[in-house]
Number of protein chains: 2
Amino acid sequence: MRDVAALAGVSLKTVSRVVNGEPGVSPDVRDRVRAAVGRLDYRPNLAASNLRRTGARTGLVGALVQDLSNSFSAGLLRALEDAARRRSTAVLAASLDEEAEREEALVHDLVTRRVDGLVLMPASERQDYLVAELRTGTPAVFVDRPPRGVDADSVRVDNVEGSRAATEHLLDLGHRRVAALLDIETIPTAEERRAGFTAAFTARGLRPDPRLVVPNLRSTDEATEVMHALLALDDPPTAVFTGRNILSAGAVRALAERGLRREVALVGFDDFPLADLLDPPLTVIRQDVQRIGATVADLLFERIDGDTSPPRHVVIEPTLVARGSGEIPPPPRTR
Amino acid sequence: MRDVAALAGVSLKTVSRVVNGEPGVSPDVRDRVRAAVGRLDYRPNLAASNLRRTGARTGLVGALVQDLSNSFSAGLLRALEDAARRRSTAVLAASLDEEAEREEALVHDLVTRRVDGLVLMPASERQDYLVAELRTGTPAVFVDRPPRGVDADSVRVDNVEGSRAATEHLLDLGHRRVAALLDIETIPTAEERRAGFTAAFTARGLRPDPRLVVPNLRSTDEATEVMHALLALDDPPTAVFTGRNILSAGAVRALAERGLRREVALVGFDDFPLADLLDPPLTVIRQDVQRIGATVADLLFERIDGDTSPPRHVVIEPTLVARGSGEIPPPPRTR
DNA sequence: TTGAAAGCGATACCAG
DNA sequence: CTGGTATCGCTTTCAA
């Protein structure tokens, strides 16, 4: 900047004015400065300018999600990005892979970078450490999972209702031997989905077979394996509820490998691309990622703009999308 | 930081030493400083520290991709992120949606933010504007598409070979009426894929029916619509080559809606999740996203570390993954 | 309309 | 082992 000022024959302050489009600079001088900027490839240093600027913002928000390559995380990020762009804000994104230590380290890093706000799909069970971080004034919005040990805004779907609806859908068709493939138990979302599954049975005075309820599945491959084992039972399930998109894929694969896709009913939590092109098309509980992301962004930017009202917890209702796989009736001879 | 120094009864420089883990501080003093940091919720300002630090890096790289929510872009980003994490570097990600102006604005913004490096899946046809930006010293690596008007590293797959292989695969089965659904013509990748398609015909002394070659498709829905139109012809295609994952989805949908999934052969460029679970499973030309992303990261970080050798252009060979949809033979009566 | 000087939060360099 | 002082690149404040 000093070089630019020298080349244009003006003071630093004048260059600053031109660069920031401030008024009070004669056209003549402005053009000289612009020319110098071009000649020297000068780029203002945003960090340095923010240093002195009062009430400065970095125009940066951090988003810590489960896995950037998963369609749910990716869709969320995309919705956040769209909202951020309207505010000339950039998004720093990272995957946590359900590792709590990584979460804590990344949050600390982002706060140190002075991001204007934080979107968090937490991997940790509790976020007490966040209290100190947020005291620095960085607002945070939780998504998909509720905050624990810290008070902050959150946006998520009603997992209990969603999985209850999925399960009732299967029970209504007459299924009784319904399996459930679920995510890691420490994730609140997984627990809620399990609760909804059980609640559907209870409401009818029934009880799920505990052997058919398998939690702690971390990958598509694990789900495939478990599904195979369940189907090999003497008294195999006639229907399955899968608690997450990657687990649905695993279940479909096992069914396909056994030629049972049209025999065993399947309802999955969370929609994903092409689910409607499977054969039979997959019946799912859909979370409106677009809407969730937009709501997260709304909350976050309101906080960034200074809103200090008590934390809000938005719950979005998921919807059952019946496409075929969930409408397969139980075989006649089964009870 | 001043407050911390005061509370701990030491100088600024000592606080700096403790915060940065520099040697030469007595344990006693260090503990006092740490305590003060905790009491005051002090967080060092990374921007400010980088300002003075010599050869400072922001520990930030920018990634401008086509669409964060598309599996190819998302997978690429994930691979980049993994490499970046090993270098304690964060990733600023944004979608370009094939808008050249957005690309230029974002690049400028990222340079102003002093990112250490740039990954670019360009939306623009030429990137002459980059010459000035890169003169500031920020290295850039192109991915999926080659640089034009600027000299920079690039990583991409051999699109001509990939689509030639896909097309030959279909011709070998005896198909002659092969349709091609392609992306926007201004994208080099799309042009190369079209060239490969044509080359496969030419190599056999054949010529594709121009009416069956449809470029400039922007979405899954457009692909579905076009596919329907092609299938409604008097002399419909017996096989289809789709030039991009979202177009494959559109073609599959149209075939499904007409009950022709097992009648018309389909090979798609670019694999995607669950392609193997479709019925029939989708035959694709797979680009190894993981490897592409890792290669991009390697090149970028070498540049960041000061490598000034001439730009390198890495071409990765895609592979044909035969799963079923591409192995459907033409109907007997067809020629 | 323009500029000089002070200061943002931190590190570099050199003394003590 | 510890501290003072200049300085990073830019904005703010105030004066000309």
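Because the structure is predicted, anything quoted here is derived from the model rather than measured. Letters A, B, ... are given to chains in the order of the sequence lines, protein chains preceding strands, and every chain is numbered from 1.
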Calculate the interatomic distance between A:Asn45 atom CG and C:dC8 atom C1'; express it in whole Å. 13 Å
More than 12 foreign heavy atoms under 6.0 Å from CD of B:Glu125: is that the case here? no
Of all the choices, C:dA12, C:dG3, C:dA10, which nucleotide is nearest to the side chain of B:Arg53 once you look at every atom? C:dA12
Separation of C:dT11 P from B:Arg2 CZ (nearest whole Å): 15 Å
Round to the nearest Å and state the distance from B:Lys13 atom NZ to C:dA12 atom C1'. 7 Å
Distance test, side-chain N/O of A:Ser26 to OP1/OP2 of C:dT2, below 4.0 Å: yes
Is it true that A:Ser309 and A:Asp307 share a donor-acceptor pair across their side chains at a distance under 3.5 Å? yes
Return no unless some side-chain N or O of B:Ser49 is found under 4.0 Å from OP1 or OP2 of C:dG9. no
Of the options C:dG3, C:dT11, C:dG9, whose atoms approach the side-chain atoms of A:Ser11 most closely? C:dG3
Please give, in whole Å, the distance from C:dA4 P to A:Arg17 CZ? 12 Å
Is the shortest side-chain N/O distance from B:Asn20 to OP1 or OP2 of C:dT11 below 4.0 Å? yes
Describe the nucleic acid contact of A:Val15 in one word from base, sugar-phosphate, nothing, applying a heavy-atom distance below 4.0 Å. nothing
Rounded to whole Å, CZ of B:Arg52 lies from C1' of C:dC13 at a distance of 8 Å
Nearest-angstrom distance from the residue atom OH of B:Tyr42 to C1' of C:dG9: 7 Å
Report yes or no: do A:Ser73 and A:Asp67 form a side-chain donor-acceptor pair below 3.5 Å? no
Could you verify whether a donor N or O on one side chain and an acceptor N or O on the other, from B:Thr58 and B:Arg113, lie under 3.5 Å apart? no
Determine, for B:Arg57 against B:Asp116, whether the closest basic-nitrogen to carboxylate-oxygen distance falls under 4.0 angstrom. no
Polar contact flag, side-chain donor to acceptor under 3.5 angstrom, A:Ser95-B:Glu81: yes
5' priority, DNA chain D, between B:Pro27 and A:Glu22 [closest heavy atom]: B:Pro27
What is the distance from CG of B:Leu12 to C1' of C:dG7, rounded to the nearest Å? 14 Å
Interatomic distance where CG belongs to B:Leu46 and C1' belongs to C:dT11 [whole Å]: 13 Å
With a non-hydrogen cut-off below 4.0 angstrom, is A:Val19 in contact with a base, only sugar-phosphate, or nothing? nothing
Start and end of the DNA chain D segment that chain B contacts, any atom under 4.0 Å from a heavy atom: D:dC1 to D:dG9
Taking atom types as modelled and ignoring hydrogens, do the side chains of A:Gln127 and A:Ser124 form a donor-acceptor contact shorter than 3.5 angstrom? yes
Which part of the nucleic acid, if any, lies within reach of B:Arg30 when heavy atoms closer than 4.0 Å are counted: base, sugar-phosphate only, or nothing? nothing
